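For reference, the structure discussed in these notes is given below.
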Amino acid sequence: MNVWKPLAIFAVAGLVASVGIQTASANHDPDPQPTLTGPCHDQPNMAAALGSLNAAKSSLERAEHNKGGWRLAALNATNNAISQTQTGCSAAP
């Protein structure tokens with residue numbers, strides 16, 4: 001049996017796994033910190049919610065196809081949630 005074939009296969013598999021893990025971890029932001037500006041500047045939980053809603057809106061805008069109208073419905077609901085969150089921040093004492 002040729003020892004080089006299994007060794008080469010093992011080395012290539014390790015390289016592919018290593019690159020895959022690095023790529024997956026590079027695309028993941030573990031805990032994004034909200035920017036505390038605007039109407040929610042002194043409310044970190046509302047600012048975090050607003051940041052998450054804006055990230056969701058961005059993802060929905062980049063999504064392909066309309067998914068039978070559901071992507072557009074989700075985008076409208078997200079825009080409404082952003083508006084309501086901003087209003088809530090402004091109304092807080």
Side-chain angles (χ1 to χ4, degrees):
M1 179 172 161
N2 186 353
V3 72
W4 295 108
K5 280 187 180 180
L7 183 61
I9 290 171
F10 181 77
V12 170
L15 177 66
V16 169
S18 174
V19 170
I21 290 170
Q22 290 175 4
T23 302
S25 66
N27 292 334
H28 176 65
D29 189 6
D31 188 20
Q33 295 297 319
T35 304
L36 298 177
T37 61
C40 299
H41 69 307
D42 59 345
Q43 302 170 59
N45 291 325
M46 293 292 278
L50 194 56
S52 296
L53 288 166
N54 282 318
K57 177 182 176 180
S58 178
S59 294
L60 286 167
E61 289 173 339
R62 286 191 314 266
E64 295 179 15
H65 311 294
N66 197 20
K67 321 286 193 249
W70 292 108
R71 184 186 69 86
L72 183 59
L75 190 55
N76 289 337
T78 304
N79 285 331
N80 184 38
I82 289 170
S83 175
Q84 294 296 321
T85 303
Q86 289 171 335
T87 302
C89 287
S90 298

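Note that the structure is predicted; figures quoted are calculated from it, not measured.
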Note to self: Just verifying a value: how many Å separate Gln84 CD and Leu53 CG, rounded to the nearest 0.5 Å?
What the structure shows: 11.0 Å
Next item on the list: Kindly compute the distance separating CZ (Arg71) from CZ (Arg62), expressed to the nearest 0.5 Å.
Entry: 11.5 Å
Check: In the hydrophobic clustering (ILVMFWY, side-chain contacts below 4.5 Å, transitive), which residues join Leu60, or is it alone?
Finding: Leu75
Notebook entry, point to check: Under a 4.5 Å cut-off applied to non-hydrogen side-chain atoms, are Gln86 and Ser90 in contact?
Noted result: no
Notebook entry, point to check: Which pairs pass side-chain hydrogen bond (donor to acceptor under 3.5 Å, both in side chains) with one or both residues in residues 72-83, sequence neighbours excluded?
Noted result: Lys57-Asn79
Under the side chain to side chain donor-acceptor pair (under 3.5 Å) test, which residues partner [X], sequence neighbours left out?
X	value
Thr87	none
Asn54	none
Lys67	none

Next item on the list: Locate the shortest heavy-atom distance separating Met46 from Cys40; write the atom from each residue and the value.
Entry: CB-SG, 4.1 Å
